[in-house]
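Okay, structure first, notes after.
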Amino acid sequence: MRNAVSDKLAERGQRELLEQYLTWTIIEDPVAESASAQAASSPTNAGRKKEYRQRFDQWCRGRSIERDGRGAEHPATGHLPRFNFCVLVDDTCLETFRKWEHWVEAGRQGQEPIVAMILLDANCDQYGNGRMNFPVVEGCTREYTGWMYADVRSIPGLYDKLHYGGLTDGPGDYARPPLVYPGHQHGARIS
């Protein structure tokens, strides 16, 4: 993801200007590292996402000039995507990376596998939002689960888009799991 952002900035002639302000905050969770990839759609993962939301909320409330730089104290800063959406990598996402690695090692034969991450909406209720009676995803039957899988290359663009709206603001903006954004309209999914 860092390379994708750096390449996009270089493509736009903005690497030297903007890359110096790019901060990657990584919060590791050793408990999640031991979870089984087969449990990716279980209700217990919904509980884990609740914990991640809480940890992310705690990190957001710790916003300060010392930690986040000048402007962090401004009330509008709390509305930035950085303080409302976090990127989560679980075992399911790591498995997509392993499949991609295997594809590379095998000489890049066939269709390139998707490398996915989770984009988690910190403000969404753990039971989701929107219309009901959708297929169950981690105990949620609402249209908007509060998270989605996204191709790793789409994350920088999604964060840019989130400066102007939410994940469900336009048609095709949200990919309900197990679909993967942005190819969800063509059936891209976690397999």
Taking all non-hydrogen atoms of both residues, which atom of [X] and which atom of [Y] are closest, and how far apart?
X: Pro182; Y: Asp151; value: CD-CB, 4.0 Å
X: Ala116; Y: Cys93; value: O-CB, 3.1 Å
X: Ile65; Y: Ala72; value: N-CB, 4.0 Å
X: Ala122; Y: Phe56; value: CB-CD2, 3.3 Å
X: Asp173; Y: Asp169; value: OD2-C, 3.7 Å
X: Cys124; Y: Gly146; value: SG-CA, 3.5 Å

message: Is the ring pair Tyr174/Tyr144 parallel, tilted or perpendicular, if the boundaries are 30 and 60 degrees?
response: perpendicular
- prompt: Should Glu101 and Arg108 count as an ion pair when the cut-off is N to O under 4.0 Å?
  reply: no
Spacing of [X] atom [atom1] and [Y] atom [atom2] [to the nearest 0.5 Å]:
X: Ile114; Y: Ile190; atom1: CD1; atom2: CD1; answer: 6.5 Å
X: Met117; Y: Ser154; atom1: CE; atom2: OG; answer: 10.0 Å
X: Tyr181; Y: Ile155; atom1: OH; atom2: CD1; answer: 9.5 Å
X: Leu162; Y: His79; atom1: CG; atom2: NE2; answer: 14.5 Å

message: Quick one about Trp103 and Gln109 (side-chain donor to acceptor, distance below 3.5 Å, no hydrogens or angles considered), yes or no?
response: no
field: Step-by-step side-chain contact (heavy atoms from CB on, under 4.5 Å) determination, Trp59 to Gln54
entry: CA-CA 9 Å; Trp59 176 84; Gln54 290 169 344; over 6 Å; no
- request: With sequence neighbours left out, write down each residue that passes salt bridge (charged side-chain N to carboxylate O under 4.0 Å, His left out) with Lys99, or none if nothing qualifies.
  value: none
Would a distance-only check, ignoring hydrogens and angles, find a side-chain to backbone donor-acceptor pair under 3.5 Å from [X] to [Y]?
X: Asn84; Y: Gly78; value: yes
X: Arg53; Y: Asp121; value: yes
X: Arg176; Y: Arg142; value: yes
X: Lys161; Y: Gly166; value: yes
X: Thr145; Y: Gly128; value: no
X: Thr141; Y: Pro135; value: no

Check: [Y] and [X] side chains under 4.5 Å, non-hydrogen atoms:
X: Phe85; Y: Leu120; answer: no
X: Leu158; Y: Leu119; answer: yes
X: Lys49; Y: Glu138; answer: yes
X: Met148; Y: Ile118; answer: no

- request: Would you verify whether the NZ or CZ of Arg82 falls within 45 degrees of the ring axis of Tyr159 while also being under 6.0 Å from that six-membered ring's centre?
  value: no
- request: Not counting sequence neighbours, which residues clear side-chain hydrogen bond (donor to acceptor under 3.5 Å, both in side chains) with Asp160? List them please.
  value: none
- request: Show your reasoning for whether salt bridge (charged side-chain N to carboxylate O under 4.0 Å, His left out) applies to Arg67 and Glu73.
  value: CA-CA 11 Å; Arg67 187 189 78 186; Glu73 75 286 359; over 6 Å; no
task: For atom NE2 of His102, decide whether the heavy atoms of other residues, nucleotides or ligands shown that lie under 6.0 angstrom number more than 12.
output: no
message: Please determine whether the number of non-hydrogen atoms from other residues, nucleotides or ligands lying under 6.0 Å from atom CD of Gln58 exceeds 12.
response: no
Linked, directly or transitively: [X] and [Y] (ILVMFWY side chains, under 4.5 Å):
X: Leu94; Y: Val104; result: yes
X: Trp147; Y: Phe134; result: no
X: Phe97; Y: Val89; result: yes
X: Leu167; Y: Leu179; result: no

- request: Let me see the working for Thr96 and Tyr149 under side-chain contact (heavy atoms from CB on, under 4.5 Å), right down to the final yes or no.
  value: CA-CA 11 Å; Thr96 68; Tyr149 289 113; over 6 Å; no
